[in-house]
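Structure first, then comments.
Both backbone and side-chain heavy atoms feed into the values below; hydrogens, waters and symmetry mates do not.
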Amino acid sequence: MSGPLAGIRVLDFSKFLPGPYCTWLLAELGADVIRIENPRELAKQAKVFGWDRPGAPTWDEIRSRDLFARGKRSLALDFGRPGAAEAIEALAARADVLVEDYRPGVMASMGFGPEAMAAVNSRLIYCSVSLCGQTGPYASKPGHDPVALAIAGALSRIGEDKERPVFPGVPVADLMTGSNAVIAILAALLGRGSDGGGQHLDIAMSDSAMPLVGGILARAEDPANLPPRGMHRADSGIWRTADGELIVTTDMEPRYWQRFCQAIGLDDLAGRQMDRTAWPEMKARIAAAMETRTRAEWMAIFAAADTQYAPILEPVEALDDPHNRARGMVREMDGPGGTLRQIGCPVAREDPVTGPASRPGGESRAILTEIGFDEARIARLLEKEQ
């Protein structure tokens, strides 16, 4: 591997998005990431996504499309099989970082908790990612992204409907948590350089989601009396065009607002930006004006006026967008069914990864050979996985 983290080895016990996103970023930065995958967990995942049904894609196809598995090696290992614990301990002894996302206490119950792993490798950075953390009243609570957003107060602010919030539609807390885990791991690796010791990192999705409401609280005189959910300002919005497409605008700074009003032919609104009582009427007039031209026409007009706007792209459109492609955020690679288009990494530009992920257990034999297991021991461990 190349990149700034070349030479760093990561053991990845994670299954859900925050953990795999964290270790994907580390892999894209050059770390050697080894996924430790329990066949029982893989079977659960298959049930969740319907991959166990007739006609479902093969694991080769599934993994080749899973961009967050990209750049990692996979060891499929039944944790209860004789010899599995020795293999995991041998890997931990050679690792710099361990990432896991089991509910608090589960890894310890299997013999792989932070204390047990510290006894094997005192320099190990052990990162636990969970819904609500390793401590506190909710520590044992199960749940996914929307639950973390709800606990953090963020879900209550999502959507336009004043009666009830909506799911965000994208895994906001998951990706923020994975990013926070990377930050904590990199800080711990730097700290380890000075004192030589490892540590246990406790990264919670509920903690990671709370900064999402930080700006709202910072602007509120009374947190108990926040404005109702939704976008109320007239200087920002999502507008439908004459051809049924959508454009978003964010002209909140006065000079951009003036340009926007002039561009859409509503100059009289320019001096009324903070006339809150008039916002509903202003928004209705803007919406009517936006429906008089196509998206392409408005794109040309707003570009000439230098306002703040963007077409609302579908994911497939984003993959074709020339800016995203120029920034290296679209990668093409060969996969089992032909050419794959996947997103690039937002923090790594050296592109150490050349192809898609292999199936679960694709590197099992090579990984076990690296830690000194002979062919007989490898055969016993992998008997049912091969």
Side-chain angles (χ1 to χ4, degrees), residues 1-37 67-75 87-102 104 107-108 112-130 133-135 173-209 211 344-353 357 363 367 370-371:
M1 300 293 287
S2 61
L5 294 185
I8 297 295
R9 174 168 288 185
V10 180
L11 298 189
D12 183 6
F13 287 83
S14 65
K15 310 169 297 302
F16 304 109
L17 188 49
Y21 181 67
C22 162
T23 53
W24 174 69
L25 291 176
L26 296 174
E28 291 279 332
L29 290 168
D32 176 17
V33 178
I34 299 175
R35 297 186 72 170
I36 313 295
E37 304 198 78
L67 68 99
F68 296 132
R70 195 173 66 205
K72 306 175 186 180
R73 299 192 288 161
S74 173
L75 167 60
I88 291 171
E89 289 176 359
L91 286 166
R94 295 164 170 81
D96 299 281
V97 178
L98 184 153
V99 177
E100 60 91 7
D101 63 1
Y102 285 86
M107 284 287 283
F112 311 126
E115 293 184 0
M117 294 295 96
V120 171
N121 180 357
S122 63
R123 289 173 51 81
L124 185 69
I125 308 300
Y126 191 112
C127 181
S128 295
V129 178
S130 62
Q134 305 297 302
T135 62
D174 283 340
L175 299 192
M176 288 191 68
T177 304
S179 295
N180 286 344
V182 170
I183 293 168
I185 287 168
L186 296 180
L189 287 170
L190 287 172
R192 189 181 70 172
S194 62
D195 62 24
Q199 59 179 291
H200 183 202
L201 305 176
D202 176 6
I203 308 298
M205 293 171 63
S206 57
D207 295 348
S208 296
C345 181
V347 297
R349 298 299 176 194
E350 294 190 26
D351 196 8
V353 180
E363 293 78 26
I367 292 167
E370 286 176 14
I371 61 174

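- Annotation for A69 and R35: closest pair CB-NH1, 3.4 Å, computed over non-hydrogen atoms.
- Under a 3.5 Å cut-off, the side chain of D96 and the backbone N or O of L189 do not form any donor-acceptor pair.
- Taking CD1 of I8 as the reference point, atom CG of L26 lies at 9.5 Å (rounded to 0.5 Å).
- When side chains are defined from C-beta on, I203 counts as touching C127, because their heavy atoms get closer than 4.5 Å.
- The two atoms that bring S74 and E363 nearest to each other are N-OE1, 2.6 Å, heavy atoms only.
- Salt-bridge check for R9 with E370: passed, with a basic side-chain N closer than 4.0 Å to an acidic carboxylate O.
- Side chain of D202 to main chain of G133: no donor-acceptor pair is present (N/O by atom type, distance under 3.5 Å, no hydrogens or angles).
- Side-chain contact between L98 and F112: absent, with no pair of heavy atoms (C-beta onward) separated by less than 4.5 Å.
- Remark: Y21 pairs with W24, F68 by the ring pair (Phe, Tyr, Trp, His ring centres under 6.0 Å) rule, at least two apart or across chains.
- Atom OG1 in T23 sits 11.5 Å away from atom CG in L29 (nearest 0.5 Å).
- Under the 4.5 Å side-chain criterion, counting only non-hydrogen atoms from C-beta, I371 is in contact with R94.
- In plain terms, the two heavy atoms of A27 and K72 that are nearest each other are CB-CG, 4.3 Å.
- Atom CD1 of I36 sits about 6.0 Å away from atom CD1 of I34, to the nearest 0.5 Å.
- A181 approaches V129 most closely through the heavy-atom pair CB-CG2, 4.2 Å.
- Residue V33 forms a side chain to side chain contact (heavy atoms under 4.5 Å, CB included) with just one option from V99, V97, D12, and that option is D12.
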(request) Dump the intermediate steps for side-chain hydrogen bond (donor to acceptor under 3.5 Å, both in side chains) on S128 and E100, then the final yes or no. (result) CA-CA 5 Å; S128 295; E100 60 91 7; 2.6 Å; yes
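- The closest donor-acceptor contact from the side chain of S122 to the backbone of A118 lies at 3.5 Å or more, if one exists at all.
- In this structure, V182 and C22 approach most closely via the heavy-atom pair CG2-O, 3.4 Å.
- Between Q134 and H200 there is a side-chain heavy-atom pair separated by less than 4.5 Å.
- What you find for A92 and L124 is that their closest heavy atoms are O-CD1, 4.3 Å.
- Proximity of L75 to L91: side-chain heavy atoms (C-beta onward) are separated by under 4.5 Å at one or more points.
- Looking at L5 and L186, their side chains come closer than 4.5 Å, going by heavy atoms from C-beta outward.
- Contact check for M205 versus D174: side-chain heavy atoms found under the 4.5 Å cut-off.
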